[in-house]
Amino acid sequence: MPVTDPAIERYCEEHTTPPAEALQRLARETHEQLEFPQMLTGAIEGRLLQMLVWASGAARVLEIGTFSGYSALSMAAALPDGGRIVTCEISEKHAEFAQRHIDASPYADRIEVRLGPALDTIAGLDGPFDLVFIDADKTGYAGYFEATLPKLAPRGLIVIDNTLWGGDVLDPAGDDENGRALAALNDRLAKDDRVVTVQLPVRDGVTLVRHA
């Protein structure tokens with residue numbers, strides 16, 4: 001089910017600063033050329049990520065799940081001088097698509113695409129990271145969270161996407177494997193005394209996590 005009334009969603013998008021033309025073009029090409037274009041971050045969440053990077057002053061960002069590069073490019077626009085994003089992608093097709101758009105942007109020197117299993121990439125990275133964005137395979141979220149929490153800066157944020165999963169999390173014993181995994185993660189985070197969390201009904205659910 002829709003998490004937000006579609007009319008409210010449209011209203012919010014109409015009252016959010018629109019993305020740059022390059023991002024609009026990327027979004028169009030994502031819908032034209034890639035399977036599952038609904039995985040695209042989109043205008044509202046792209047601006048939210050950009051705002052979080054800007055407000056926090058994040059200089060080192062780790063993204064798990066590049067897809068077409070929309071979120072990485074959104075965040076890169078708010079990085080301070082010298083800021084960097086490492087983005088992890090398992091699909092060669094998606095990595096190549098994203099790299100093409102990154103190379104054509106003003107932010108090519110700020111974004112590094114790492115191809116391969118994200119947990120392997122994370123294991124080889126030194127922290128701390130000021131912001132971590134998790135938006136990959138949903139059954140892997142718990143592992144990504146545990147792998148990145150020790151590398152999170154003291155005032156860092158972990159941003160987890162799709163944590164409402166179309167409302168499927170309301171039935172934690174439902175048929176959808178992703179819904180069950182996300183419901184279990186949500187319950188776990190709410191009880192984890194290592195962190196403070198807030199879950200937001202933005203698009204398909206966004207959870208913000210910081211050290212307690």
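The figures here come from the full heavy-atom set of this structure, side chains too, leaving out hydrogens, waters and symmetry mates.
- Closest approach of T66 to A98, counting heavy atoms only: CG2-CB, 3.7 Å.
- Both F133 and V61 are assigned to one and the same hydrophobic cluster, defined by single-linkage of ILVMFWY side chains at heavy-atom distances under 4.5 Å.
- At least one donor-acceptor pair under 3.5 Å links the side chain of R84 to the backbone N or O of D109.
- Annotation: side chain of L48 is not in contact with side chain of V159 (no heavy-atom distance under 4.5 Å).
- Heavy atoms only, all atoms of each residue included: A58 and L79 are closest at O-CD2, 3.4 Å.
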Which pairs would a plain distance check flag for residues 33-45, meaning a side-chain donor or acceptor within less than 3.5 Å of a matching protein atom at least two apart in sequence or in another chain?
unit_1: Q33; atom_1: OE1; unit_2: R100; atom_2: NH2; d: 3.4

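- Of all non-hydrogen atoms in S74 and G46, the two that sit nearest each other are CB-O, 3.6 Å.
- Nearest heavy-atom pair, S105 versus A108, reported as atom, atom and distance to 0.1 Å: OG-N, 3.6 Å.
- Counting only heavy atoms from C-beta outward, the side chains of F129 and T148 never approach each other to under 4.5 Å.
- Contact of the M75 side chain with the L131 side chain is registered, since non-hydrogen atoms from C-beta on lie closer than 4.5 Å.
- Hydrophobic clustering of Ile, Leu, Val, Met, Phe, Trp and Tyr side chains at less than 4.5 Å, counting indirect connections, keeps Y11 apart from V3.
- Between E21 and R28 a salt bridge is recorded (basic side-chain N to carboxylate O distance below 4.0 Å).
- Side-chain atoms of D130 come within 3.5 Å of backbone N or O of A59 as a donor-acceptor pair.
- Taking the side chain as every heavy atom from C-beta outward, F145 and V209 approach each other to under 4.5 Å.
- Between the R110 side chain and the I85 main chain, no donor and acceptor come within less than 3.5 Å of each other.
- A 4.5 Å side-chain heavy-atom check between H211 and L149 finds at least one atom pair inside the cut-off.
- Side-chain contact between Y144 and L119 is present, with heavy atoms from C-beta onward closer than 4.5 Å.
- Residues I111 and A76 come closest through the heavy atom pair CD1-CB, 3.7 Å.
- Looking only at distances, a side-chain donor or acceptor of D204 sits under 3.5 Å from a matching main-chain atom of G166.
- Side-chain atoms of R47 come within 3.5 Å of backbone N or O of P18 as a donor-acceptor pair.
- Note on W165 and V198: separate hydrophobic clusters, where clusters join Ile, Leu, Val, Met, Phe, Trp and Tyr whose side-chain heavy atoms are under 4.5 Å apart, directly or indirectly.
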Please tabulate, one pair per line, all N/O donor-acceptor pairs under 3.5 Å involving side-chain atoms of residues 180-189, not counting sequence neighbours.
unit_1: R180; atom_1: NH1; unit_2: G174; atom_2: O; d: 2.9
unit_1: R180; atom_1: NH1; unit_2: D175; atom_2: O; d: 3.2
unit_1: N186; atom_1: OD1; unit_2: Q199; atom_2: NE2; d: 3.4
unit_1: N186; atom_1: ND2; unit_2: T163; atom_2: O; d: 2.8
unit_1: N186; atom_1: ND2; unit_2: L182; atom_2: O; d: 3.2
unit_1: R188; atom_1: NH2; unit_2: E146; atom_2: OE2; d: 2.6

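- No continuous path of ILVMFWY side-chain contacts below 4.5 Å connects V113 to V132, so the two sit in separate hydrophobic clusters.
- Atom CZ of R114 is separated from atom CD1 of I122 by 11.0 Å, given to the nearest 0.5 angstrom.
- In this structure, the side chains of T139 and N178 come closer than 4.5 Å at one or more pairs of heavy atoms.
- Hydrophobic clustering, with ILVMFWY side chains joined whenever heavy atoms are under 4.5 angstrom apart, groups I102 together with F97.
- Separation of atoms CD1 (I134) and OH (Y141) is listed at 7.5 Å; rounding is to 0.5 Å.
- Here the closest heavy-atom approach between residue L26 and residue S68 is recorded as CD2-OG, 3.4 Å.
- Considering only heavy atoms from C-beta on, E92 comes within 4.5 Å of L115 through its side chain.
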